[in-house]
Amino acid sequence: DAGVTQSPTHLIKTRGQQVTLRCSPISGHKSVSWYQQVLGQGPQFIFQYYEKEERGRGNFPDRFSARQFPNYSSELNVNALLLGDSALYLCASSYGTGTLAGNTIYFGEGSWLTVV
Amino acid sequence: GNSVTQMEGPVTLSEEAFLTINCTYTATGYPSLFWYVQYPGEGLQLLLKATKADDKGSNKGFEATYRKETTSFHLEKGSVQVSDSAVYFCALVGITGANNLFFGTGTRLTVIP
């Protein structure tokens, strides 16, 4: 079975540009979350969507937005890119939400974004 | 609020040595606790988890026990291998109903032959 898939795997953008990152969750999973991992640090939560509704938002500026589609795939958009947005962006999927015992969160391999 | 404090690295061990990576947490109520591993150039993989006090998560020879009294979830392995070289992250999910994992800063483990 396919795991969490993300695209593109690597990309380079210029300051001020916009970027869209894509994620397909594991089949049957209804929740998608996005994380930013700056080099040398732990991932930081950006958004969670469950059943196409936003369920959680981390401490990120309004330049960051996301959405979930009817097939549960998701896009993360970042506008007006800054050098500090350079990071690994991770998508995670799970069947449900919250701390249910069976609600394991699985991560994709990420999209490496470099802003120059 | 929720937070995870993790033992700073890097940690370098010889093959077959005993491993402990300390993790303590702050959270409201009883969160679920996780260890994730990140191999070079890869995304995060779930290593083990525990969802209630005194639960022991285990996988691939690694173990961690959810200790409510000390708010800890230390990772241990009795005999490490070169292939265990990676970055290990302790994390928690709070009780808000959302899937927002709070991660520690990660501990880089290098195992030498």
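Chain A is the first sequence line, chain B the second, and so forth, proteins listed ahead of strands; every chain is numbered from 1.
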**Student:** Within the structure provided, determine whether A/L90 and B/L44 are in side-chain contact (heavy-atom separation under 4.5 Å).
**Tutor:**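 Side chain of A/L90 against side chain of B/L44, heavy atoms only: contact under 4.5 Å found.
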**Student:** Got more than 12 heavy atoms from elsewhere within 6.0 Å of OH, A/Y106?
**Tutor:**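 Atom OH in A/Y106 is not crowded, with 12 or fewer foreign heavy atoms closer than 6.0 Å.
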**Student:** Please tell me whether A/F64 and A/L113 are part of a single hydrophobic cluster in this structure, the criterion being side-chain heavy atoms less than 4.5 Å apart.
**Tutor:**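 A/F64 clusters together with A/L113.
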**Student:** Hydrophobic clusters here meaning ILVMFWY residues chained together by side-chain heavy-atom distances under 4.5 Å, can you tell me if A/F60 and A/V19 are in one?
**Tutor:**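 In one cluster with A/F60: A/V19, yes.
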**Student:** For A/N71, I'd like to know if atom CG has over 12 heavy atoms of other residues, nucleotides or ligands within 6.0 Å.
**Tutor:**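 Yes, the 6.0 Å shell around CG holds more than 12 heavy atoms from other groups.
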**Student:** Take a 6.0 Å sphere around NZ of A/K52 and say whether it holds more than 12 heavy atoms from other residues, nucleotides or ligands.
**Tutor:**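 Yes.
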**Student:** Considering heavy atoms only, which positions within residues 103-110 of chain B lie below 4.5 Å of chain A?
**Tutor:**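 Expected list: B/F103, B/G104, B/T105.
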**Student:** Which distance, rounded to the nearest 0.5 Å, do you find between the CG of B/L101 and the CZ of A/F107?
**Tutor:**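 Taking CG in B/L101 and CZ in A/F107, the distance rounds to 5.0 Å.
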**Student:** Give, as side chain, backbone, both or neither, the part of A/L88 having an atom under 4.5 angstrom from any heavy atom of chain B.
**Tutor:**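 Only the side chain of A/L88 comes within 4.5 Å of chain B.
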**Student:** When clusters are formed by joining ILVMFWY residues with side-chain heavy atoms under 4.5 Å apart, either directly or through shared neighbours, do B/Y39 and B/L48 land in the same one?
**Tutor:**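 Yes, B/Y39 and B/L48 fall within the same hydrophobic cluster.
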**Student:** For atom CD of B/E69, decide whether the heavy atoms of other residues, nucleotides or ligands shown that lie under 6.0 angstrom number more than 12.
**Tutor:**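 Yes - once you tally the heavy atoms of other residues, nucleotides and ligands closer than 6.0 Å, there are more than 12.
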**Student:** Below 4.5 Å from any heavy atom of chain A, which atoms of B/F102 appear? Answer side chain, backbone, both or neither.
**Tutor:**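 Looking at B/F102, nothing touches chain A.
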**Student:** Decide if atom CD of B/E16 counts as having more than 12 heavy atoms of other residues, nucleotides or ligands within a radius under 6.0 Å.
**Tutor:**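 No - once you tally the heavy atoms of other residues, nucleotides and ligands closer than 6.0 Å, there are 12 at most.
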**Student:** Please say whether more than 12 non-hydrogen atoms of neighbouring residues, nucleotides or ligands are located less than 6.0 Å from CZ in A/R15.
**Tutor:**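 Counting other residues, nucleotides and ligands, CZ of A/R15 stays at 12 neighbours or fewer.
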**Student:** To the nearest 0.5 Å, how far apart are CD1 in A/I105 and CG in B/N100?
**Tutor:**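 Taking CD1 in A/I105 and CG in B/N100, the distance rounds to 8.5 Å.
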**Student:** Measure B/Q38 against the heavy atoms of chain A and call it side chain, backbone, both or neither at under 4.5 Å.
**Tutor:**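 Side chain only.
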**Student:** Counting a contact as any heavy-atom pair under 4.5 Å apart, which residues of residues 77-85 of chain B contact chain A?
**Tutor:**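 Result: none.
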**Student:** Using a 6.0 Å cut-off, check whether atom CD of B/E8 has over 12 heavy atoms from anything other than its own residue.
**Tutor:**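 Atom CD in B/E8 is not packed in, count stays at 12 or less.
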**Student:** If hydrophobic clusters are built by linking Ile, Leu, Val, Met, Phe, Trp and Tyr wherever their side-chain heavy atoms come under 4.5 Å apart, do B/W35 and B/V37 end up in the same one?
**Tutor:**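 Same cluster.
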**Student:** Are there residues of residues 34-44 of chain A that reach to under 4.5 Å of chain B by heavy atoms, and which ones?
**Tutor:**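 Interface residues of residues 34-44 of chain A: A/Y35, A/Q37, A/G40, A/Q41, A/G42, A/P43.
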**Student:** Could I get the full list of side chain to side chain contact (heavy atoms under 4.5 Å, CB included) partners for B/S72, not counting sequence neighbours?
**Tutor:**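 If we apply the side chain to side chain contact (heavy atoms under 4.5 Å, CB included) test to B/S72, skipping adjacent residues, the hits are B/T24, B/R67, B/T70, B/H74.
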**Student:** Report yes or no: do B/I21 and B/Y66 belong to one cluster of Ile/Leu/Val/Met/Phe/Trp/Tyr joined by side chain heavy-atom distances under 4.5 Å?
**Tutor:**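 Linked, B/I21 and B/Y66 end up in one cluster.
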